[in-house]
Protein chains: 2
Amino acid sequence: MSKPAWESRRVTIKDIAKAANVDPSTVTRALKDSPRVKPATREKIAGLAAEMGYVPNMAARTLVNRKSGLVGLVIPDMTNPFFRDLAKGIEDEAVKHDLRILINDTRGVESTEREAVNLFLALKVDGLIVPMARCTQQYYEELNAAVPVVHVNRDDTPHHVSCDTVEGSSLVMQHLFELGHSRIGFVRGPAGPGREPKMHAYRTALEARGIDYDPDLIFTFDGTLESSNAITGQLLELDEPPTAVFAHNDVNAIAMIHALRDRGVRVPDDISIAGHDDIQLAGCVDPPLTTVQWPMYELGQQSVRYLYSLGHGQDPREPQVPQPKLVIRESTGNPRVARQVPG
Amino acid sequence: MSKPAWESRRVTIKDIAKAANVDPSTVTRALKDSPRVKPATREKIAGLAAEMGYVPNMAARTLVNRKSGLVGLVIPDMTNPFFRDLAKGIEDEAVKHDLRILINDTRGVESTEREAVNLFLALKVDGLIVPMARCTQQYYEELNAAVPVVHVNRDDTPHHVSCDTVEGSSLVMQHLFELGHSRIGFVRGPAGPGREPKMHAYRTALEARGIDYDPDLIFTFDGTLESSNAITGQLLELDEPPTAVFAHNDVNAIAMIHALRDRGVRVPDDISIAGHDDIQLAGCVDPPLTTVQWPMYELGQQSVRYLYSLGHGQDPREPQVPQPKLVIRESTGNPRVARQVPG
DNA sequence: CGTGTAAATACAAACGTTTGTATTCTGTGA
DNA sequence: TCACAGAATACAAACGTTTGTATTTACACG
């Protein structure tokens, strides 16, 4: 096996300088179009750089700049289409600010999240974007001393972009009430700090209608398919199952619809299911999902802008994102006439 | 607004050295448990480092080591569960080699893929793992001169880990033949280099049975939901639609099943659908999907091992991964008795 | 042909770590 | 008490880039 080519030293600015018979500093300036270098020289250097296959060394750059132009994105589950749209918004906005995005999937594990954050810290990222993190608020407040951190969809932290979670969830509850439901289940997300707005909206809506809160109707979704299946099982085993369920997100809602069908329960005839997020898939499943349209792409964009302000000592303006909207499709309907439980 | 805390300089090895009254080099060695430093000093330094909240500066480290301990993972669609399992295998193996994984989602766009590669190059990654890349074989051969690159599921490149694609696809074809199908559609992946093994298996299987290859039965999936819908539409508009379809992957297969149902076509009664990959969801949809079980996790592990050997000048051993297996579920069945197309 | 000025470029220090080599300890045995 | 080995630590250079300052060059003007 011949000696691998990548062991040979890569071409540096000094190599180019030597080839062009100038000082390294001139090369740097030429490469970033500084007016301090004469056009002819600039072009000669640009040509040489391309020809020699120069790749800048970010490590050296980061070292002197004390920042990398990188933004770390810490997501709990890259498989959730929600994060794809978010990431898209983030990346589109990031290029405008000359920032590059690095992704780390924590798989919903808190320790992994910490490791990811540490890696990004060591990488000297300019900022962190953390949608719905697992770690505690306190952790992030401390972290915030080290690097700008903006949260998405979480409003208990110093810096966050979000839209009206309570409003979104209230719309769902109102819709279900209007259809005639009163026994409504609620699936909350992974237990943890900063995720209570949906729950809050749920309870408030119940109260406003004078309906007692029943802890039996509360389930917890951990992001996995199994979890959705398990919830579906629990739910059907109840003496008096709910006639409608407000699911934590669309992934959960869709999985539950499948699980229900497997058990011969029809949606929405036997039970209504509403989701949250309006992922692309939501309109394509059977039945199409009633859900809350959540401006993920915009949230992504705003989080970068926010981060940018933060990193430049500006007081970030309250981000403007569209209000959540209810999208009524076919997974919700009128409840069946209540069967009286015998005895 | 008070001065943001993150503008203050972070604590470096020099700060620790000063605090501990030793030389920076001693701190380095203490922090990496070198036997050259006396246990008492080591502990004192470790304590100080923790107390002062020291975070190593990877840029400086990378600069002197000329490598970062990072591995870049370039994936076309992070939403495909396939890549999640792959990434899991990669990360689990990576920690064993003290490597960290960085992900970049290219959304199937070739130019984005190039940018991602360049970013990783600038970051001085130790290697690249590239499952089913969009760029040409030639590009990667050149790239391979700069950094170790291993491909997953693609066998036209210098270094790759894969398992028997032809075998996996042949199993599907054989299964469909045995059910009595002879008019079988095939959905290929995003057009591009290095993705012909499935196609090859398809055509070979057809030939072996003496069935003519019909270009009308070949469709191209670009990874999106819309694409699956469009294919479904095209397929049904055929004068003589196929009685079975071998889909490029499970995501495609599942989307097609949905699209078919929307149009009132039943699976497998009216048409059989087989997928590829056996993602977690495959067993949970309705009907459960017949598919090829693909050892994604193992491929992930092997790709890191392979990369590691490559990076250490060892001749990498041919990776051993399980053979693909056919998983027969309910989305495939006997064809309906062939309707004769009138005159 | 000087002189002044602006343009173009060179110089040098710094960023935070690592590592090979040199130096200073420490304690032992004669 | 001295020399010596070995342990512990200090020194210094290097990694590739950036940037403020200094130097050289070119040119126009008197």
Side-chain angles (χ1 to χ4, degrees), chain A residues 6-46 48-49 52-70 98 121-126 146, chain B residues 6-46 48-49 52-70 98 121-126 146:
Chain A
W6 56 76
E7 300 223 337
S8 65
R9 215 165 50 74
R10 304 244 57 204
V11 13
T12 77
I13 266 190
K14 288 185 189 173
D15 299 324
I16 302 180
K18 209 163 295 172
N21 231 317
V22 297
D23 188 84
S25 61
T26 304
V27 177
T28 298
R29 295 193 163 103
L31 255 22
K32 53 169 54 170
D33 285 332
S34 157
R36 274 175 65 169
V37 6
K38 157 164 75 170
T41 319
R42 191 206 320 272
E43 272 159 42
K44 177 170 156 202
I45 290 177
L48 241 13
M52 300 169 72
Y54 170 69
V55 176
N57 184 327
M58 277 208 67
R61 220 172 243 190
T62 300
L63 192 54
V64 14
N65 294 337
R66 301 165 106 143
K67 59 179 193 166
S68 58
L70 258 26
D98 258 311
L121 240 34
L123 242 20
K124 289 273 173 289
V125 293
D126 294 12
Chain B
W6 55 77
E7 299 224 338
S8 63
R9 216 165 50 73
R10 302 242 59 203
V11 13
T12 75
I13 265 190
K14 289 186 187 171
D15 299 325
I16 302 180
K18 208 164 293 173
N21 231 315
V22 297
D23 187 83
S25 61
T26 304
V27 176
T28 298
R29 295 193 162 104
L31 255 22
K32 53 169 52 172
D33 287 332
S34 155
R36 272 175 67 167
V37 7
K38 156 164 76 172
T41 320
R42 190 205 322 267
E43 274 159 39
K44 178 172 157 199
I45 291 177
L48 241 14
M52 300 169 73
Y54 169 69
V55 176
N57 184 327
M58 277 208 66
R61 220 173 245 188
T62 300
L63 192 55
V64 14
N65 293 337
R66 302 166 105 137
K67 57 177 195 168
S68 58
L70 258 26
D98 257 312
L121 240 34
L123 241 20
K124 288 273 173 291
V125 294
D126 293 13

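Sequence lines set the chain letters: A, B, ... in the order given, protein chains first and strands last, and positions in each chain run from 1.
Under the side-chain hydrogen bond (donor to acceptor under 3.5 Å, both in side chains) criterion, the residue pairs touching residues 20-33 of chain A are D23(A)-S25(A), with sequence neighbours excluded. Among residues at least two apart or in separate chains, there is no salt bridge (Lys or Arg N to Asp or Glu O under 4.0 Å) pair with a member in residues 57-69 of chain A.
For P24(A) against K14(A), the heavy-atom pair with the smallest separation is CG-CG, 4.3 Å. Closest heavy-atom contact between M52(A) and A19(A): SD-CB, 4.2 Å. Across all their heavy atoms, I45(A) and A30(A) have their closest contact at CD1-CB, 3.7 Å. Across all their heavy atoms, V11(B) and Y54(B) have their closest contact at O-CD1, 3.4 Å. Smallest separation of non-hydrogen atoms from R10(B) and G53(B): NH2-O, 4.0 Å.
With distances taken from any side-chain atom of K14(A) to the nucleotides dG16(C), dT18(C), dC15(D), the minimum falls on dC15(D). With dA8(D), dA8(C), dG16(C) as the choices, the nucleotide that has an atom nearest any side-chain atom of T41(B) turns out to be dA8(D).
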Go through the steps for T62(B) and T62(A) under the test side-chain contact (heavy atoms from CB on, under 4.5 Å), then give the verdict. CA-CA 10 Å; T62(B) 300; T62(A) 300; over 6 Å; no
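Between atom CE of residue M58(B) and atom CE of residue M58(A) there is a gap of 11.5 Å, rounded to the nearest 0.5 Å.
Between the CD1 atom of I13(B) and the P atom of dA10(D) there is a distance of 14 Å, rounded to whole Å. The CZ-P distance, from R66(A) to dA14(C), rounds to 12 Å in whole Å. As a whole-Å value, the separation of L123(A) CG from dT17(C) C1' is 15 Å. Atom CG of D15(A) is separated from atom P of dG16(D) by 8 Å (rounded to the nearest Å). Counting to the nearest Å, the P atom of dT17(C) and the NZ atom of K67(B) are 19 Å from each other. In this entry the distance linking CE of M58(B) with P of dT17(C) reads 12 Å, nearest Å. Regarding N57(A), its CG atom lies at a distance of 16 Å from the P atom of dT17(C), rounded to whole Å.
As judged by a 4.0 angstrom heavy-atom cut-off over every strand, N21(B) is placed among residues touching the sugar-phosphate backbone only. If you check every strand for non-hydrogen atoms under 4.0 Å, T62(A) touches nothing.
Judged as a side chain to side chain contact (heavy atoms under 4.5 Å, CB included), and not counting sequence neighbours, the contacts of N57(B) are L63(A), K124(A), A59(B), A60(B).
Between A60(B) and K38(B), the one whose closest nucleotide on DNA chain D sits nearer the 5' end is K38(B).
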For nucleotides 26-28 of chain C, tabulate all protein N/O to nucleotide N/O atom pairs closer than 3.5 Å, reporting atom names and distance.
none

Grab the N/O contacts between the protein and nucleotides 19-21 of chain D below 3.5 Å, and write none if there aren't any.
unit_1, atom_1, unit_2, atom_2, d
dT19(D), OP2, K32(A), NZ, 3.4
dG20(D), N7, R29(A), NH2, 3.0
dG20(D), O6, R29(A), NH1, 3.2
dG20(D), O6, R29(A), NH2, 3.1
dT21(D), O4, R36(A), NH1, 3.4
dT21(D), O4, R36(A), NH2, 2.3

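Note on R42(A): every side-chain N or O is 4.0 Å or more away from OP1 and OP2 of dA8(C).
For the side chain to side chain contact (heavy atoms under 4.5 Å, CB included) criterion with V22(A), the lone passing option out of V37(A), I16(A), V27(A), L48(A) is V27(A).
Each end of the helix from dC1(C)-dG30(D) to dA30(C)-dT1(D) gets its own rotation axis from five pairs of C1' atoms, and the angle between them is 60° to the nearest 10 degrees.
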